[in-house]
Amino acid sequence: MARIQPKILKGFRDYLPEVMVPRTRLLRRIAEVFERFGFEPLDTPSVEYAEILLGKAGPEAEKLFYRFNDQGGRDVALRYELTVSLARVIGQYKTDLVKPFKRYQMGPVWRAESPAKGRFREFWQCDVDIVGTDSLLADAECIAIDHAVMRALNVPNYLIRFNNRKVFRGLQARIGISDSETMNSIMRSVDKFDKVGENGVRKELEAIIGNGGFGEKGLETILEFLKLAEGTSDNSACIDALEQFLSGTEMGQRGCAELREVLGSAQALGVPDDVLQIDPTIVRGLDYYTGTVFETFLKDAPQFGSVMSGGRYDGLIGIFSSEEVPAVGISVGIDRLIAALEELKLLPDARASAAVLVSVFGTETVDYSLKIAGDLRRAGINAELYLDPKAKLAKQLKYASRKGIPLVVIAGPEEEKDGSCSLRLMSNGEQMQVKIENLAQAVQDNYVDPDPNAATGRSWDWEFAEDMFDRVPAVGGVYLLRNAQHEVLKCGWASYGKLSETIRESVSGEQRAEVATFDWYEIRDDNLSQMLAQFINEKLQPKFG
RNA sequence: CGGCCAAUAGCUCAGUUGGUUAGAGCGCCUGAUUGUGAUUCAGGAGGUCGCGGGUUCAAAUCCCGUUUGGCCGCCCA
């Protein structure tokens with residue numbers, strides 16, 4: 001009988017464990033941020049009635065659906081994106097949902113288009129939306145979420161460029177275009193500004209002129225408008241310039257007022273000014289955005305395009321409801337983001353779930369190894385047991401090495417005799433003898449989580465450098481500053497969430513040169529933190545008091 | 001959908017006027033006096049040369065068809 005060839009469909013992918021481990025960590029971290037902002041998860045079926053999913057998709061988009069008849073002859077399709085299902089949920093459970101409805105949803109979507117580099121037929125979307133409020137605070141929250149996600153993933157040098165569609169509508173009024181179809185194609189062209197540059201946009205616009213709607217003068221006005229923000233990093237000056245340019249158009253004035261309000265709220269939420277940039281060339285290619293729009297770029301990897309983007313779309317969610325439902329949301333381009341982080345070497349290189357492999361020396365000592373593995377697991381440590389007691393030790397070590405498990409417990413008859421075991425560090429081959437009652441502690445002390453974002457609750461010997469502070473999780477507790485000789489210079493404490501900034505602000509300019517490293521310990525009780533810091537200061541009498 | 005290119009071991013590929021039993025590197029498995037991995041040495045497994053047809057004494061090699069993959073364009077973001 002002929003063997004069936006193992007193969008997968010074009011445009012579909014396997015996620016092997018080595019890519020799945022960092023991927024799920026990343027997704028989990030993003031979900032944590034969403035939940036920190038009070039969003040709940042939602043999931044919906046991947047197959048729905050075609051009439052629902054097709055929604056208001058035009059005949060062009062319809063071709064891109066995986067659509068078929070099920071065994072009962074129903075006309076169904078695989079979901080094309082997540083927003084339509086959200087709209088259906090809003091319409092279907094209207095009275096049950098608390099408004100504004102805040103949900104996040106991560107899952108695969110399917111598009112029957114031709115696969116290309118970075119474009120697949122099955123890929124993940126990761127959406128977070130606020131439905132049912134037109135408050136601009138929601139828009140500002142979205143920008144704050146964007147910023148928080150980038151922070152949580154440890155991304156350096158990102159820029160959130162944002163704009164407001166109403167500003168563009170003001171421009172439309174200014175030029176005197178009334179046809180919204182023309183305006184949509186103009187926006188699609190402008191959206192390519194980054195990719196094709198000013199001249200590319202000019203060419204595209206010239207092509208549109210042929211179809212009527214606006215003339216040479218309008219084209220120059222558009223290009224002039226697009227360059228308003230060029231060279232300035234001062235956002236409020238930028239808004240002023242836009243406002244002046246669009247004076248006399250009601251929509252333009254409203255757009256600028258919204259921009260100003262969202263910017264102010266985002267700043268008040270703690271988004272620093274230098275990651276935010278007003279940019280009139282950001283319009284998003286999709287037709288349905290109505291207000292705030294934004295995109296996020298990595299300055300160190302701009303070729304990947306926007307890794308996270310979103311905006312307000314007040315007309316879309318209401319298609320299954322009787323009234324209009326305002327909404328604002330973000331979509332994380334998870335595949336792009338992973339590709340970009342990989343390029344920048346920012347992906348945790350964790351390949352194994354296990355922190356430690358418990359090897360099995362031989363059939364006589366199996367139960368001893370089983371006990372050790374059980375103890376480690378009860379202590380909350382991810383421990384893998386080698387499953388073949390007859391395998392040579394060399395083979396077991398090789399197994400750990402190939403899987404990227406950093407620690408191996410070796411427990412033969414010699415160790416069993418005195419209730420100990422050997423703990424081997426695969427990174428350098430070092431081995432230590434440990435009593436089994438101390439093993440869990442020893443594993444914890446020697447396990448370096450490959451994910452730099454993992455909040456371990458305590459950490460030692462962090463280099464006292466500017467970029468490290470951002471990696472201290474938002475917790476409270478006690479910290480120690482040390483000099484190059486590892487002597488304690490200062491001990492302090494921070495209340496919940498303030499650890500990072502407290503450490504940063506704890507030394508004066510001249511003291512700073514002396515500080516080499518710092519340690520921190522998470523403590524959830526401020527009183528306890530304070531007492532502990534006081535106690536340490538009394539005991540050690542550190543130089544900086 | 002249109003154009004160009006490719007398809008030989010798990011992976012990357014060599015194999016040239018058609019000629020014995022199709023090769024290399026990497027990877028994988030086993031071993032090098034029995035308690036130590038990613039280095040070294042020895043050995044081993046693994047291929048109907050994408051599939052179908054044709055030309056020929058003889059095809060991985062030449063011809064036709066077909067399928068799959070890649071790049072460009074169209075489309076989509």
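In what follows, chains are A, B, ... by sequence order, proteins preceding strands, each numbered from 1. These numbers come from the heavy atoms of this one structure, side chains and all, not from hydrogens, waters or symmetry mates.
Comparing R336(A) and I410(A) by the nucleotide of RNA chain B whose heavy atom lies nearest to each, the residue mapping closer to the 5' end is I410(A). Mapping L425(A) and Y80(A) onto RNA chain B via the closest heavy atom, the residue that lands nearer the 5' end is L425(A).
Between R402(A) and rG27(B), a side-chain N or O to OP1/OP2 separation shorter than 4.0 Å is absent. Distances shown here put every side-chain N or O of R121(A) at or beyond 4.0 Å from the OP1 or OP2 atom of rC76(B).
For RNA chain B, the residues of residues 361-371 of chain A within the heavy-atom distance limit of 4.0 Å (strictly under) are F361(A), sorted by number.
Classification of E430(A) and R424(A) as a salt-bridged pair fails, no side-chain N sitting under 4.0 Å from a carboxylate O. A salt bridge between K403(A) and E384(A) is present, with a side-chain N of the basic residue lying under 4.0 Å from a carboxylate O of the acidic one. Using a 4.0 Å cut-off between charged nitrogen and carboxylate oxygen, E122(A) and R111(A) do not count as a salt-bridge pair. Salt bridge annotation for R67(A)-D75(A): present, with a cationic side-chain nitrogen under 4.0 angstrom from a carboxylate oxygen.
In this model, no side-chain donor or acceptor of Q396(A) finds a partner on the base of rG35(B) within 3.5 Å. Judged by atom type and distance alone, R424(A) reaches the base of rG37(B) through a side-chain donor-acceptor pair under 3.5 Å.
Distance check on atom P: rC74(B) versus rU16(B) gives 40 Å, rounded to whole Å. Here the separation of rC28(B) from rA9(B), taken at their C1' atoms, is 12 Å to the nearest Å. Across the P atoms, rA42(B) and rA7(B) are found 33 Å apart, a figure rounded to whole Å. Taking atom C1' in both rG18(B) and rA60(B), the straight-line distance is 11 Å, to the nearest Å. rA58(B) and rU17(B): their C1' atoms are spaced 16 Å apart (whole Å). rU48(B) and rG52(B) have their P atoms separated by 12 Å, given to the nearest Å. Taking atom C1' in both rA59(B) and rU8(B), the straight-line distance is 14 Å, to the nearest Å. As rounded to the nearest Å, rC57(B) and rG3(B) have C1' atoms that lie 41 Å from one another.
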Could you go through the salt bridge (charged side-chain N to carboxylate O under 4.0 Å, His left out) check for D314(A) and R312(A) one step at a time? CA-CA 6 Å; D314(A) 285 344; R312(A) 178 166 281 282; 3.0 Å; yes
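Separating the CG atom of D14(A) from the C1' atom of rG10(B) is a distance of 15 Å, rounded to the nearest angstrom. We find that CD of Q125(A) is positioned 11 Å from C1' of rA77(B), with the value rounded to whole Å. rG35(B) atom C1' lies 11 Å from atom NZ of K392(A), rounded to whole Å. Protein atom CG of D335(A) is 13 Å distant from nucleotide atom C1' of rA77(B), rounded to whole Å. Between E414(A) atom CD and rU36(B) atom P there is a gap of 12 Å when expressed in whole angstrom units. Look at CG on L397(A): it is 9 Å from P on rA38(B), rounded to the nearest Å. Straight-line distance from the CD atom of E81(A) to the P atom of rC76(B): 16 Å, rounded to whole Å. The interatomic distance linking I405(A) (CD1) with rG37(B) (P) rounds to 16 Å, in whole Å.
Nucleotide rC4(B) forms a Watson-Crick or G-U wobble pair with rG70(B), both donor-acceptor distances falling under 3.5 Å. When both distances must be under 3.5 Å, the Watson-Crick or G-U wobble mate of rU61(B) does not exist. rA14(B): no Watson-Crick or G-U partner with both key distances under 3.5 Å is found in any strand. Partner assigned to rU40(B) is rA32(B), using Watson-Crick or G-U wobble distances below 3.5 angstrom. The base-pairing partner of rU56(B), taking Watson-Crick or G-U wobble contacts with both distances under 3.5 Å, does not exist among the strands shown.
A donor-acceptor pair under 3.5 Å is formed between the side chain of N446(A) and the backbone N or O of A442(A). Within the 3.5 Å criterion, the main-chain N or O of V21(A) finds a donor-acceptor partner in the side chain of T24(A).
Taking the six-membered ring for Trp and the full ring otherwise, the centers of F297(A) and Y158(A) sit at least 6.0 Å from each other.
Within 6.0 Å of the CD atom in E51(A), the count of heavy atoms belonging to other residues, nucleotides or ligands does not exceed 12.
Relative ring orientation between Y104(A) and F34(A) is described as tilted, the plane-to-plane angle lying within the 30° to 60° band.
Across all strands, A394(A) comes closer than 4.0 Å only to sugar-phosphate atoms, never to a base (heavy-atom distances).
Closest to the side chain of K395(A), from the set rG35(B), rU36(B), rU30(B), is rU30(B). Distances from the side chain of K398(A) to the nucleotides rG37(B), rG35(B), rC76(B) place rG37(B) closest. The side chain of L393(A) sits closest to rU36(B) out of rA38(B), rU36(B), rC76(B).
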